[in-house]
Amino acid sequence: MVDLDADGRELSRSVVAPEEFPAHVSERERSAPTRWVWHDSSRRYPALLAAGVRVARCHDLRLVHRILLGLEGTDPTARQRDDVWAGEGVPAPDAGQALFDLVAPTGPTAAIEETLAEFARQRDALGRARAGLHLLVAAESAGALLAVEMHTAGLPWDARAHEAVLDAELGSRPTVGARPARLEALARRLREELDDPGLNPDSPTKLLRALHRQGLPVESTGRGELAAVDHPAVATLLEYKRLARLWTANGWAWLDEWVAGGRFRPVYIPAGVVTGRWASAGGGALQIPRGLRVAVRADPGWRLVVADVAQLEPRVLCAMAQDTALAEAARGRDLYEGIVADGAVTSREDAKLALLGAMYGATTGESGRLMPRLRLTYPRAMGLVDAAARRGEDGEAVSTLLGRTSPVPDGTWLRTQARATEADAAASEIARARREARDRGRFTRNFVVQGTAAEWALTWLADLRGRLARMPAARVDATRSGPVFSRHAHIAFFLHDEVIVHCPEEHVGEVSAAVRAAADAAGRLLFGDFPVDFPLDARVADSAAKA
DNA sequence: AAGGGACGCGCG
DNA sequence: AAAGCGCGCGTCCCTT
């Protein structure tokens with residue numbers, strides 16, 4: 001382990017045996033503010049939490065490396081170091097290399113030197129970067145810690161409530177290999193209604209053929225298209241699809257695999273999405289269906305504080321663009337109603353449609369039709385996303401408010417564009433280049449908004465995490481949360497613009513206040529005094545189901 | 001038998 | 001209704 005001062009100068013070195021590492025970290029955390037610098041929080045932190053040791057701050061070299069790679073002027077050799085610093089990482093060595101767990105290309109003995117060199121490069125790059133990037137790096141690293149903490153604590157999950165949903169929807173649990181009773185009944189009815197005795201409704205190919213034999217004008221078996229045609233089998237099929245989805249995605253097998261000891265423990269992957277949004281692996285944590293939220297239940301004596309931000313992305317867009325007209329429409333009320341009041345559109349539904357279209361790049365249909373009106377009323381906000389789209393179409397990179405950059409186009413894309421400008425380019429080649437350019441424009445258009453919204457949410461989360469950590473211990477244990485979280489309010493779930501805090505009943509007031517204070521802080525940190533607010537829908541409940 | 005692409009659908 | 005963005009994951013179905 002190496003001690004550094006605030007300027008990154010080396011103070012001392014020591015070797016700490018792995019079994020002594022948690023106690024060592026715990027001692028440091030108590031005695032002085034410490035920022036742990038390590039390769040990968042997802043590999044280093046679980047063992048600390050398992051030993052009951054929580055870390056306040058870190059610098060996650062792997063995640064920061066990925067952010068810095070996109071900066072202009074980045075050392076071109078940085079990309080050669082990608083495999084080591086930004087890749088999936090490598091198993092930590094068992095040897096007592098302590099803090100720095102990197103296995104460098106030149107072998108384990110060089111790990112600390114490599115780690116120090118990477119940290120120095122990152123400090124150097126950050127020293128030249130604007131303030132926003134420092135905030136992003138701090139928030140990203142806090143998120144890396146939180147992702148491990150949420151996995152360790154888990155989301156309180158009541159298997160009996162889940163089973164009650166399955167029983168009500170699907171019938172009793174079937175034997176292995178068989179469909180649940182209600183699903184099998186629907187399949188039988190479907191075979192009759194489509195006059196196809198051998199039909200397997202799970203096969204899109206066979207299903208489509210059966211629908212065509214009935215004379216139905218559908219090109220796919222998708223829900224949307226089906227709902228638009230008139231046939232007795234449609235209602236049956238839609239119900240079959242709904243239940244089949246519940247069964248295969250979140251049925252008894254899911255419960256057996258992913259819920260243990262009253263907790264659902266997904267793996268969170270910070271910045272797993274190019275925009276900086278989090279991804280998850282295992283159990284589909286980011287796709288928990290609404291109907292199963294009744295199974296998210298606080299422990300006895302504990303409660304859930306469930307909070308989400310209303311219309312996060314449009315608010316972020318308006319602040320990022322410094323669009324005071326849109327900010328005025330958003331202030332203290334439903335943003336979409338504000339747009340109606342401005343006379344840009346005539347209904348709330350149209351306002352939502354138009355704004356989503358602006359952020360996603362809709363060109364056709366209702367949404368595309370409404371956008372010109374929006375451009376007239378909110379030229380700054382619309383100008384920002386339009387400019388991002390143009391840059392993307394031109395093959396340039398865009399960046400979020402704090403400085404996360406979009407990926408650059410790959411060689412195939414560039415060649416397609418170049419080919420289209422040559423004198424002998426075929427019409428089809430030109431059309432293809434044009435289509436791919438527009439595709440990329442929609443991506444960069446959305447990138448700046450989605451990515452900045454992710455930064456707001458990450459800042460909110462990081463700030464909230466700190467506030468919760470400073471709260472006192474509870475009287476009632478939630479023993480299933482593990483040693484670090486059994487007596488302290490903790491973030492149990494995060495999904496883009498929503499957070500669920502699991503906390504002792506006696507702390508719900510403080511926690512609710514902390515959730516709001518953190519949202520206010522995030523707004524100020526990103527947008528300073530610009531007059532936009534981020535209203536929360538927050539509630540205290542035993543379950544995460546919508547009230 | 002395993003791998004991968006397409007599809008479909010859940011979430012924001 | 002879907003559309004226009006970003007995902008994960010289960011199933012089918014074809015290739016190797």
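The chains referred to below are lettered A, B, ... by the order of the sequence lines, with proteins before strands, and numbering in each begins at 1. Since the model is a prediction, treat every value here as computed from it, not as a measurement.
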Listed pairs, N/O of protein and of nucleotides 13-16 of chain C, under 3.5 Å:
from   : atom 1 : to       : atom 2 : distance (Å)
C:dC13 : OP1    : A:Ser203 : OG     : 2.3
C:dC13 : OP1    : A:Thr205 : OG1    : 3.3

Could I get the full list of side chain to side chain donor-acceptor pair (under 3.5 Å) partners for A:Asn446, not counting sequence neighbours?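 In terms of side chain to side chain donor-acceptor pair (under 3.5 Å), with neighbours along the sequence ignored, A:Asn446 is linked to A:Gln450.
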Checking A:Ser280 now: which residues fulfil side chain to side chain donor-acceptor pair (under 3.5 Å) with it, not counting sequence neighbours?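 Side chain to side chain donor-acceptor pair (under 3.5 Å) list for A:Ser280, sorted by chain: empty.
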Applying ring-ring contact (aromatic ring centres under 6.0 Å, His included), which residue pairs with at least one partner in residues 144-200 of chain A are found, sequence neighbours left out?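 Every ring-ring contact (aromatic ring centres under 6.0 Å, His included) pair that includes a residue of residues 144-200 of chain A, provided the two are not neighbours, is A:Trp157-A:His162, A:Trp157-A:Trp254, A:Trp157-A:Phe264, A:His162-A:Trp254.
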Contacts of A:Asp342 that satisfy salt bridge (Lys or Arg N to Asp or Glu O under 4.0 Å) - sequence neighbours left out: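 Scan of A:Asp342 (salt bridge (Lys or Arg N to Asp or Glu O under 4.0 Å), adjacent residues dropped) gives none.
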Whole angstrom is fine here: how far is it from [atom1] in [X] over to [atom2] in [N]?
X	N	atom1	atom2	result
A:Glu349	C:dA1	CD	C1'	12 Å
A:Leu226	B:dC9	CG	C1'	13 Å
A:Glu225	C:dA1	CD	P	13 Å
A:Leu370	C:dA2	CG	P	18 Å
A:Leu292	B:dC9	CG	C1'	14 Å
A:Glu219	B:dC7	CD	P	12 Å
A:Trp456	B:dG12	CH2	C1'	14 Å

For DNA chain B, determine which residues of residues 239-264 of chain A have any heavy atom closer than 4.0 angstrom to one of its atoms, and list them numerically.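 The answer is A:Lys241, A:Arg245.
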All pairs passing salt bridge (charged side-chain N to carboxylate O under 4.0 Å, His left out) where residues 141-151 of chain A contributes a residue, at least two apart: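 Qualifying pairs, neighbours excluded: A:Arg54-A:Glu149, A:Glu149-A:Arg465.
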Less than 3.5 Å apart, which donor and acceptor atoms pair up between the side chains of residues 174-184 of chain A and the rest of the protein, not counting sequence neighbours?
from     : atom 1 : to       : atom 2 : distance (Å)
A:Arg179 : NE     : A:Tyr240 : OH     : 2.9
A:Arg179 : NH1    : A:Glu184 : OE1    : 3.2
A:Arg179 : NH2    : A:Asn200 : OD1    : 3.2
A:Arg179 : NH2    : A:Asp202 : OD2    : 3.3
A:Arg179 : NH2    : A:Tyr240 : OH     : 3.4
A:Arg182 : NH1    : A:Glu169 : O      : 2.8

Taking O4'-C1'-N9-C4 for purines and O4'-C1'-N1-C2 for pyrimidines, is C:dG8 syn (within 90° of 0) or anti?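 Anti, which is what one calls it when the glycosidic angle falls more than 90° from 0.
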Using a strict threshold of under 4.0 Å (side-chain N to carboxylate O), is an ion pair present between [Y] and [X]?
X	Y	result
A:Glu393	A:Arg434	yes
A:Asp520	A:Arg524	no
A:Asp497	A:Arg315	no

I'd like to know if the side chain of A:Arg391 and the backbone of A:Ala397 have a donor-acceptor N/O pair within less than 3.5 Å.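 Present.
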Verify, without hydrogens or angle tests, whether A:Arg277 (side chain) and A:Ala454 (backbone) share a donor-acceptor contact under 3.5 angstrom.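 Looks like no, no N/O pair under 3.5 Å.
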Between A:Ala285 and A:Gly224, which has a closest nucleotide on DNA chain C that is more 5'?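 Closer to the 5' end of DNA chain C: A:Gly224.
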All side chain to side chain contact (heavy atoms under 4.5 Å, CB included) counterparts of A:Ser41, not counting sequence neighbours: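 Partners of A:Ser41 by the side chain to side chain contact (heavy atoms under 4.5 Å, CB included) criterion, ordered by chain and then number, come out as A:Trp38, A:Cys58, A:Asp60, A:Ala144, A:Leu145.
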How is [X] classified with respect to the nucleic acid when contacts are heavy atoms under 4.0 Å: base, sugar-phosphate, or nothing?
X	value
A:Ala281	sugar-phosphate
A:Gly282	sugar-phosphate
A:Arg290	sugar-phosphate

Quick check for you: to the nearest 0.5 Å, what is the distance between A:Trp456 atom CH2 and A:Phe534 atom CZ?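 Going from CH2 on A:Trp456 over to CZ on A:Phe534, the span is 6.5 Å.
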For nucleotides 3-7 of chain C, list the nitrogen or oxygen atoms of the protein found under 3.5 Å from its nitrogen or oxygen atoms, one pair per line.
from  : atom 1 : to       : atom 2 : distance (Å)
C:dG4 : O3'    : A:Arg442 : NE     : 2.8
C:dC5 : OP1    : A:Arg442 : NE     : 2.8
C:dC5 : OP1    : A:Arg442 : NH2    : 3.2
C:dG6 : O4'    : A:Gln450 : NE2    : 3.1

Distance-only donor-acceptor pairs under 3.5 Å for side chains of residues 282-292 of chain A, two or more places apart:
none

Base-paired stems in DNA chain C, each at least three Watson-Crick or G-U pairs under 3.5 Å: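 In DNA chain C, stems of three or more pairs: B:1-12 with C:5-16.
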